[in-house]
Amino acid sequence: NREVEVRVSEIVIPKMQRDYAQGRSNEAEVRGNFLQALYDAIGDDSGRRRCSLNFIYGHFLESRERDGEVSFVPYDGQQRLTTLYLLYWYASRRDAVEQVAANYLRGFRYDTRFSSTTFTTMFLSGIPDLFLSEEEAKWLKRLNVQNAVEGEMVPVGDVGDCGVFSSWLKNKNGFARSWQDDPTVRGMLTMLDAIHAKFHDVPHLWLRLCESDPTKLPIYFFFQQVARNSEAGSTFIKMNSRGKLLTEFECFKADFLRLLRKGGYPDVKREKLAEKINKTWELSFWALAKRLRLEETDTDILLMRYVNFVIDLIGFERNGIDKRNRRLHLYDSVRFKKVVLSSEGELNEDVIDELTAAIDTWCGEGPESRGDEYFQGVFCREDETREVNDDGNPNGNESGRR
């Protein structure tokens, strides 16, 4: 294998992709967690909290107009790329960067609907900055936004059921009212409100995002090319055409690794654990699903049931929870955080190590291993059994198993 540097002139979200989902009203927790991870990475000057968006899968198309440049068509990673694009667009307009740099963002194009395409390539690209004109400031004040001031940035806050930022955008010349019927456009407006609320006061946002040293970029991802006619390519197309969502275990994994990174868990241990999750754990439960003659897609369900079971055990032992999880196949982030975080919100590394050891013990060195000794230690304990004489006095101690 060899590395080849290419210049991507545009990113094209193809028709087979679903609508932008991270901006949906029922995705507030996902949206908040993702933006918090990006915020932590951008605000960390040490470089130890860089945010990896993992792998983005897709293929390249040679540009017909520009020699040496290509278009990138993602199969998997549309949601992450769209949020990243909106963050870069926001930073470029907030910091009023040079038009040449800002115009490069015009290359992000949605081909799912005509309204999505025109919103991203024409409307957003036509907005030079985020500062209020005299008329806009007066209009917002009539909507009871008292901190709207001519010449200053769009204020943070809400107007009715919408954010001030999205309300300002929808009042701009060129915004088509019919776009509000496009779920992708609606999602982008919601995400821009959230980005504005989170990043409006981050200094030098554009410069931080565009760090010249690639090893210090706060946000990065890995790219894996997938041929359009390959088996993997066909799989991604099928997944996206039916809007396949993340499994419960994938949600747990993302939340787990984010908590480790945010809580200062040692980088070496965290990287080894991430590799273990993606290989040893999933391979072991895949083999279990195969032995039980289950569908391959049931692997994550089995994994999540066991993870939740262990979380319950640890929670009961440490008084973190007092009721068992009756829906073991579903991930409960509140329940998980109650077990692994202290009352002050600090990461409990002993609990992390205990959870990891419990799953490792089940998986062992290979998919055939079993955790008999672990479960005997959990459900049985050595205790002293006292025998008494007829007069009620102790007659010595004897070790017994309970």
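Only one option out of Thr118, Thr82, Asp19, Thr121 pairs with Tyr110 in a side chain to side chain donor-acceptor pair (under 3.5 Å); it is Thr82. A side-chain contact (heavy atoms from CB on, under 4.5 Å) with Tyr90 is found for exactly one of Leu130, Leu124, Leu209, namely Leu130.
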> Yes or no on salt bridge (charged side-chain N to carboxylate O under 4.0 Å, His left out) for Arg109 and Glu10, after CA distance, side-chain angles and deciding distance?
Replying inline: CA-CA 7 Å; Arg109 191 176 85 240; Glu10 63 178 357; 2.9 Å; yes

> Does the side chain to side chain donor-acceptor pair (under 3.5 Å) test come out yes or no for Glu346 and Asn348, once each step is laid out?
Replying inline: CA-CA 6 Å; Glu346 296 179 353; Asn348 190 327; over 6 Å; no

>> Under the criterion side-chain contact (heavy atoms from CB on, under 4.5 Å), I'd like the reasoning laid out for Val185 against Thr120: C-alpha separation, chi angles, the key distance, then a yes or no.
In response: CA-CA 9 Å; Val185 174; Thr120 51; over 6 Å; no

>> Evaluate Asp312 against Arg335 for salt bridge (charged side-chain N to carboxylate O under 4.0 Å, His left out), listing each step before the verdict.
In response: CA-CA 9 Å; Asp312 276 0; Arg335 191 181 188 85; 3.0 Å; yes

> So Val73 and Ile11, side-chain contact (heavy atoms from CB on, under 4.5 Å) or not? Walk me through it.
Replying inline: CA-CA 6 Å; Val73 181; Ile11 296 177; over 6 Å; no

> Is there a side-chain contact (heavy atoms from CB on, under 4.5 Å) between Gln36 and Lys262 once you walk through the steps?
Replying inline: CA-CA 10 Å; Gln36 183 63 50; Lys262 187 176 180 180; 3.9 Å; yes

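Residues Leu81 and Phe221 meet the side-chain proximity criterion, which asks for heavy atoms closer than 4.5 Å. Leu189 has its side chain within reach of Lys170: a pair of non-hydrogen atoms, C-beta onward, lies under 4.5 Å apart. The shortest side-chain heavy-atom distance between Asp360 and Lys276 falls under the 4.5 Å cut-off.
Sorted by first and then second residue, the pairs that involve residues 15-46 and meet ring-ring contact (aromatic ring centres under 6.0 Å, His included), not counting sequence neighbours, are Tyr39-Phe199.
In terms of heavy atoms, Glu349 sits closest to Pro266 at OE2-CD, 3.9 Å. Taking both residues in full, the closest heavy atoms of Ser116 and Asp182 are given as OG-OD2, 2.6 Å, listed atom of the first, atom of the second, then distance. The shortest heavy-atom contact between Arg93 and Ile127 is NE-O, 2.7 Å.
Taking the six-membered ring for Trp and thresholds of 30 and 60 degrees, Phe309 and Tyr306 have ring planes inclined between 30 and 60 degrees apart. Ring-plane geometry between Trp206 and Tyr88 is classed as perpendicular, the angle between the planes exceeding 60 degrees on a 0 to 90 degree scale with a lower cut at 30.
In this structure, NE2 in His196 is found 10.0 Å from CG in Asp201, a value given to the nearest 0.5 Å. Taken from CZ in Arg31 to CD1 in Ile195, the straight-line distance is 10.0 Å, to the nearest 0.5 Å. Atoms CG and CG, on Leu84 and Leu53 in that order, are 6.0 Å from each other to the nearest 0.5 Å.
Within 6.0 Å of NZ in Lys138 there are 12 or fewer heavy atoms belonging to other residues, nucleotides or ligands. Annotation for Asn26: atom CG counts as buried by contact number, over 12 foreign heavy atoms lying within 6.0 Å.
Using a cutoff of 4.0 Å between basic side-chain nitrogens and carboxylate oxygens, Lys269 and Asp353 are scored as salt-bridged.
Trp179 meets the ring pair (Phe, Tyr, Trp, His ring centres under 6.0 Å) test with Phe119, Phe123, Phe175; sequence neighbours excluded.
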